[in-house]
Amino acid sequence: MSDENRALQELADSDYKYGFVSDIEADTLPPGLNEETVAFISAKKEEPAWLLDWRMKAYRHWLKMEEPTWAHVGYPPIDYQGVSYYSAPKSPEDGPKSLDEVDPELLATYEKLGIPLHERAALAGIAVDAVFDSVSVATTFKDELSKKGIIFGSFSDSVKEHPDLIRKYLGSVVPQGDNFFAALNSAVFSDGSFCYIPKGVRCPMELSTYFRINAATVGQFERTLLVADEDAYVSYLEGCTAPMRDENQLHAAVVELVALDGAQIKYSTVQNWYPGNKDGVGGIYNFVTKRGKCMNRAKISWTQVETGSAITWKYPSCILQGDDSVGEFYSVAMTANHQQADTGSKMIHIGKNTKSHIISKGISSGKSEQAYRGLVKIQRGATGARNYSQCDSLLLGDQCGAHTFPYIEVKNPSSVVEHEASTSKISEDQLFYCQQRGLSQEDSVSMIVNGFCKEVLKELPMEFAVEAQALLGVSLEGAVG
Amino acid sequence: MSTGNAMGHFLNEIEKFDDQQAGTQPAWVGTLREFAAERFDQLGFPSTKHEEWRWTNISSVSQGHFAYSAQPANLDEPEILRSALRSALGEVSGPRVVLVNGSFSPALSDLGANIKGLRLLSLAEALEESDPRVEAHLCRYANSNELAFAALNTAFLKDGAVIEIDESACIDAPICIVSLISASKKSDLSLASYPRLLILAGSNSRATVVESTINLGEAESFLNTVSEVVVDEGASLTHVRLQNTNRQNLQVSTLQARLAEQSRYALTTFSLGGALTRNDLTVKLAGPEASCEVNGLCLLQQKQHVDNNVIVDHAVPECTSSQIFKAVLDDESRSIFSGKVIVQPDAQKTFAEQSNRSLLLSDRAESDSRPQLEIYADDVKCSHGATTGSLNEEALFYLRSRGISPETARVLLTEAFAREIADNIELESLREHVLQLLREKLGEDAVEAVA
Amino acid sequence: MLEIKDVHATVGGSEILNGLSLTVNPGEVHAIMGPNGSGKSTLSNVITGRDGYEVTQGSLSFEGKNLLEMPPEIRAREGIFLSFQYPVEIPGVNNTYFLKAALNAKREHHGLEALDAIDFLDLAKEKRELVELDEKLANRNVNEGFSGGEKKRNEIFQMAVLEPKLAILDEVDSGLDIDALRVIAKGINSLRSPERSMILITHYQRLLDYIQPDFIHVLSEGRIVRSGGKELALELEEKGYSWLEKEPAA
């Protein structure tokens, strides 16, 4: 192994910082999945009949589906009956009414994670909805947001408080039977976040959700639904962590974004689920469906920094339905050890003069495997559509894999679609140049890697950018932005 | 998998063929056929659920009524033949094998017996005499085990062409393989033919092979070809394939090339004709410092459909590969490019490039592209690019502002886009022939404008 | 300061340096000249410790310390600076940030406190003026999209900030027009001091009109075949290199 690889190895081997287990009494359903499980979850949430029907439809559809095998990932078969589909941290009767009532240990957990949930939230000006295992435990700034007519809260509460909105938009972008994992999520999702920004309102602060899986063998199936009404604007942050455990834990989330005419949604994710240990034992299986629909002149921008999970299967997508709508996807994925990631984006151009932009940066090290998989589809009627995609891979070490699988389907002659990709390793010239100026090997590698990712990192909101850079193992002050 | 009925028809055909061959071929050929027939039965026809076939529906083949015919059609009118050869090869002249409906035609062929270092013969003859080099290489590269159409071709293993180039031989004249398809309209069954090509380029040899496929007449036909190409150490082989069949022709071609140390292979395919064409082109860089170029041009109209599926497999270090595929798509035509570069573990110092550019001339045309990189080594430089769009409006306006009619301007710019691939052909007579075909297809305006 | 004794070095198995000896004292400016392939660039890579350059015999010491035991970044922190012939582009890495990280790594090595952003920016501004480097360039990504001349200015700017004890300037004049060469030479001359030594590696005599060396050495086939004062450069200019190879080693 060359020096440069060793430096990176050290970086990649740095321990998973967030792998502590919170000792909280949990109210957990025994493993197993059948119609009763679905009914139990629905009852537990005191859901209306239509939602139970919706879940059942999804469950019955799921039974008929086959787990997809096309992704460039390998894992032993998942025993869906061996997973527990519900775990709520036990709290005083009726759940917490305010932050003061939240289990102090839970709050301490968030402190450890560095989530600005409490006072720090106020300082940072971020409203946080935290999902712990499967239940949303606290939402900050709810009152302040509601003055502007913004609804932001747990999915369960929102079903009770705003059933019409939920009913109107739930499944409108990702239908129940969309794919195997989305169908499973639709059947058993336990909580998540709901957000609605009214017409013409610019959300004054970053909204944030923090997800954490804690209980062993609990699957987490959160559902996020975000609706930006006409000419509204919102920036939304999502962070994820999980404790270190030997077993693989299942995570199958669905995120639906609706951007009505003229609306803009910026959705940023820092995914740092437990990736498993150096030998590939444990870690989260992360099968996520994220999709947004853009109406006329709307814009959805996905930014993701993916460093965690044993397996990542994720393709944040934009359906550019309306004329002049815009979709963006900025991604950094870093895999180390035995991690596997198959990720990318889909841009479906339906409306006229729709534009999309994909920038994907993949860094593979150790024995990891990473694939970019993307679809750019220009429908017949998408006159004047434009897409530009750029997918670069950096290989660190000779035992990892980096793959690029774009799919480009063009049915309109007035469109312009461009795709570029490259794969290479860190150049020895760059490394030596940095070292000749006195930088250590590790710092040199970090600096070059962060430079490689800069185009994506600069898309992240400030608060997240710092965390993302730390996650990439680098202190970056000044190099970004 | 397709329906039992369709498979049944082809399996019957294989059985009939097998009966006809009883006792006429050496035992080892029979074994190859038998194995292939069995694999074809197991594999069945691929469907669009098959990832490698997601954009090409092959049901027009699998549901069609195609029958193998051993009898070359009646081709004794010299006038017809001369014009057929001319439209296949233009002014290109060299030793040639002419296959009519997949069967060797001694009368039309010229095996270049006096050319030193070249052995050109029909596959039937090579099989008959159990040529040891042919026996050593035939069916070793085209994967009948996994590719249904390679298996189907092998089940009909009988005739085709063999090119053997001796060690250190430099063959200056282009070696031509002409496939004439002459189907009659009378029969209920359409014609199917299964020719096979084996090219063995000895070490340090140099040669150019030109393949050209055309139809006589407008009847429907199915052509399923397999080519195996072996390029030994230090050899350099240029291979140009011209496909200009009629609009009723369905074609599935499998080509597998294997390159030894420091060898070079340049393959260029021109897809101009046919209703549906599928090319599976695989080049394996099996020796260090080998290099290959795989280029293609599709010029399509009406409902023509061409699917080029290219795999370049870097199995060893220090090899270089490049792919350039271009498509010009008019009317309701559709082109598909799937190109994969695989860099195996340990194939360090690989340099690979891949480019796919499509020009859409009609709002009903479609271009699908899937350039892929699958990389398992770290010291590599690999890149790919794909672009799809229409003619540059500014360039169009510029030409019009100089007094050129919009139609001519379009043709001029289209030809400029398309000819990059043709311009790469070194052999002048061949380049001129290809350019002539492009102009014919793009319209007479181009000929005048460029003249 | 720099003591090179009978160094033999190989690159990819073939011997490029073949018993080279050189002593550089504080404040001295040495020019190393020689035809292409004589080993000039190999010498700079060996002094700075680049991977792939193996010293098979002989010794290199810097201020009495054995250089061969130090990785490249420690040599740099000890005060050896190389102005690259072809400075590499590092996409996405901000030039100012890069230089600040380099300077602070060096300061830490010498037990000094890291400079904060404000102090650093003041320092950078002062040094930038020395080589007339545009502020915009200083804030772009390292060498990305720089012209040949801009890259060289950036190298000398970095040298001014890092204040090395020994600067090796590898073909610092290559690709420069006469105006750019003047600016660069002015910058380099202003950095001359009784404590700072320099090694100028150049193919042409032209550079030596602007930066006057104390000693000139002619390198041929991996060893110094002749040493002398300024007058040697003129002699070379007149007669070319070929006649030297017949002379006995210096």
Side-chain angles (χ1 to χ4, degrees), chain A residues 1-7 305 330 332 359-363 390 392-394 420 422 424-460 465 468-469 472 474-481, chain C residues 44-45 47-53 70-110 116-117 120-121 139 141-144 151 154-155 158-159 161-162 164 167-168 170:
Chain A
M1 197 189 277
S2 74
D3 288 347
E4 136 203 3
N5 290 346
R6 204 164 324 138
V305 174
Y330 301 101
V332 168
I359 293 184
S360 164
K361 303 278 182 177
I363 302 130
Q390 187 190 335
D392 296 322
S393 305
L394 200 57
E420 282 180 53
S422 73
S424 58
K425 68 172 200 167
I426 288 187
S427 97
E428 280 164 22
D429 286 346
Q430 292 175 343
L431 203 57
F432 181 63
Y433 190 87
C434 294
Q435 285 181 276
Q436 210 300 307
R437 295 295 181 258
L439 297 171
S440 70
Q441 192 143 41
E442 300 82 74
D443 288 349
S444 304
V445 169
S446 295
M447 201 178 265
I448 295 165
V449 165
N450 273 270
F452 173 76
C453 301
K454 184 177 181 176
E455 277 172 283
V456 173
L457 296 177
K458 71 174 194 217
E459 294 295 326
L460 285 171
Q469 287 152 26
L472 291 173
V474 184
S475 144
L476 251 191
E477 45 166 331
V480 166
Chain C
S44 62
N45 285 323
I47 297 172
T48 50
R50 187 164 192 154
D51 259 3
Y53 291 80
M70 297 179 200
E73 65 270 27
I74 302 300
R75 299 185 198 200
R77 292 174 198 169
E78 285 286 329
I80 298 177
F81 177 92
L82 172 62
S83 165
F84 286 76
Q85 184 181 359
Y86 303 108
V88 68
E89 301 188 357
I90 310 180
V93 176
N94 176 286
N95 208 19
T96 302
Y97 169 69
F98 171 74
L99 194 51
K100 178 171 162 240
L103 180 63
N104 282 334
K106 182 178 177 181
R107 291 178 63 93
E108 194 187 332
H109 182 74
H110 291 286
D116 65 24
F120 178 79
L121 289 176
N139 284 315
N141 294 332
V142 179
N143 294 323
E144 203 177 34
K151 281 182 181 170
N154 193 30
E155 293 292 286
Q158 293 184 13
M159 171 178 159
V161 170
L162 293 172
I168 305 164
D170 192 355

A.B. asks: Taking all non-hydrogen atoms of both residues, which atom of Val88(C) and which atom of Asp429(A) are closest, and how far apart?
C.D. replies: CG1-O, 3.7 Å
A.B. asks: Against chain A, label Glu89(C) side chain, backbone, both or neither, depending on which of its atoms sit under 4.5 Å from a heavy atom there.
C.D. replies: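 For Glu89(C), backbone heavy atoms alone lie under 4.5 Å from chain A.
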A.B. asks: Is it the side chain or the backbone of Pro164(C) that comes within 4.5 Å of chain A heavy atoms, both, or neither?
C.D. replies: neither
A.B. asks: Looking at Leu82(C), Asn45(C), Ile90(C), which has the largest count of heavy-atom pairs under 4.5 Å with chain A?
C.D. replies: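 Ranked by heavy-atom pairs under 4.5 Å with chain A, first place is Leu82(C).
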A.B. asks: What pair of heavy atoms forms the shortest contact from Gly438(A) to Ala105(C), and how long is it?
C.D. replies: O-CB, 3.4 Å
A.B. asks: Do the non-hydrogen side-chain atoms of Lys454(A) and Asn141(C) ever get within less than 4.5 Å of each other?
C.D. replies: yes
A.B. asks: Mind checking whether Tyr97(C) and Asn450(A) have side chains closer than 4.5 Å, heavy atoms only?
C.D. replies: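 The answer is no; the side chains never approach within 4.5 Å.
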A.B. asks: Of all of Gln158(C), Arg75(C), Glu78(C), which one pairs up most often with chain A through heavy atoms under 4.5 Å apart?
C.D. replies: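 Max contact count across the listed options: Gln158(C).
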A.B. asks: Measuring only between side-chain heavy atoms, which start at C-beta, is Phe432(A) closer than 4.5 Å to Thr48(C)?
C.D. replies: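 When only atoms from C-beta onward are counted, Thr48(C) and Phe432(A) do touch, with a gap below 4.5 Å.
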A.B. asks: Using side-chain heavy atoms (C-beta onward) and a distance below 4.5 Å, is Arg50(C) in contact with Leu431(A)?
C.D. replies: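 Arg50(C) does not reach Leu431(A) side chain to side chain.
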A.B. asks: Which heavy atom in Gly451(A) sits nearest to a heavy atom in Val93(C), and how many Å separate them?
C.D. replies: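 Closest approach of Gly451(A) to Val93(C), heavy atoms only: CA-CG2, 3.8 Å.
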A.B. asks: Who among Thr96(C), Ile80(C), Ile74(C) has the most heavy-atom pairs with chain A under 4.5 Å?
C.D. replies: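 Maximum pair count with chain A is reached by Ile80(C).
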A.B. asks: Just give me the residue among Arg437(A), Gln435(A), Gln430(A) that pairs up with chain C most often, heavy atom to heavy atom, under 4.5 Å.
C.D. replies: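 With the most close heavy-atom pairs to chain C, the winner is Arg437(A).
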A.B. asks: Nearest 0.5 angstrom please: Gln436(A) CD to Ile47(C) CD1, how far?
C.D. replies: 10.5 Å
A.B. asks: Heavy atoms only, distances under 4.5 angstrom: which of Glu155(C), His109(C), Lys106(C) has the most pairs with chain A? Name it, please.
C.D. replies: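 So the answer, after comparing Glu155(C), His109(C), Lys106(C), is Glu155(C).
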A.B. asks: Between Leu162(C) and chain A, with a heavy-atom cut-off of 4.5 Å, which part of the residue counts as in contact: side chain, backbone, both or neither?
C.D. replies: side chain
A.B. asks: How far does OG of Ser440(A) sit from CZ of Arg77(C), to the nearest 0.5 angstrom?
C.D. replies: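 That separation rounds to 6.0 Å.
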A.B. asks: Which region of Tyr433(A), side chain (C-beta onward) or backbone (N, CA, C, O), has a non-hydrogen atom less than 4.5 Å from a non-hydrogen atom of chain C, or is it both or neither?
C.D. replies: both
A.B. asks: By a 4.5 Å heavy-atom criterion (distance strictly below it), what part of Asn139(C) contacts chain A: side chain, backbone, both, or neither?
C.D. replies: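 Answer is neither: Asn139(C) stays 4.5 Å or more from chain A.
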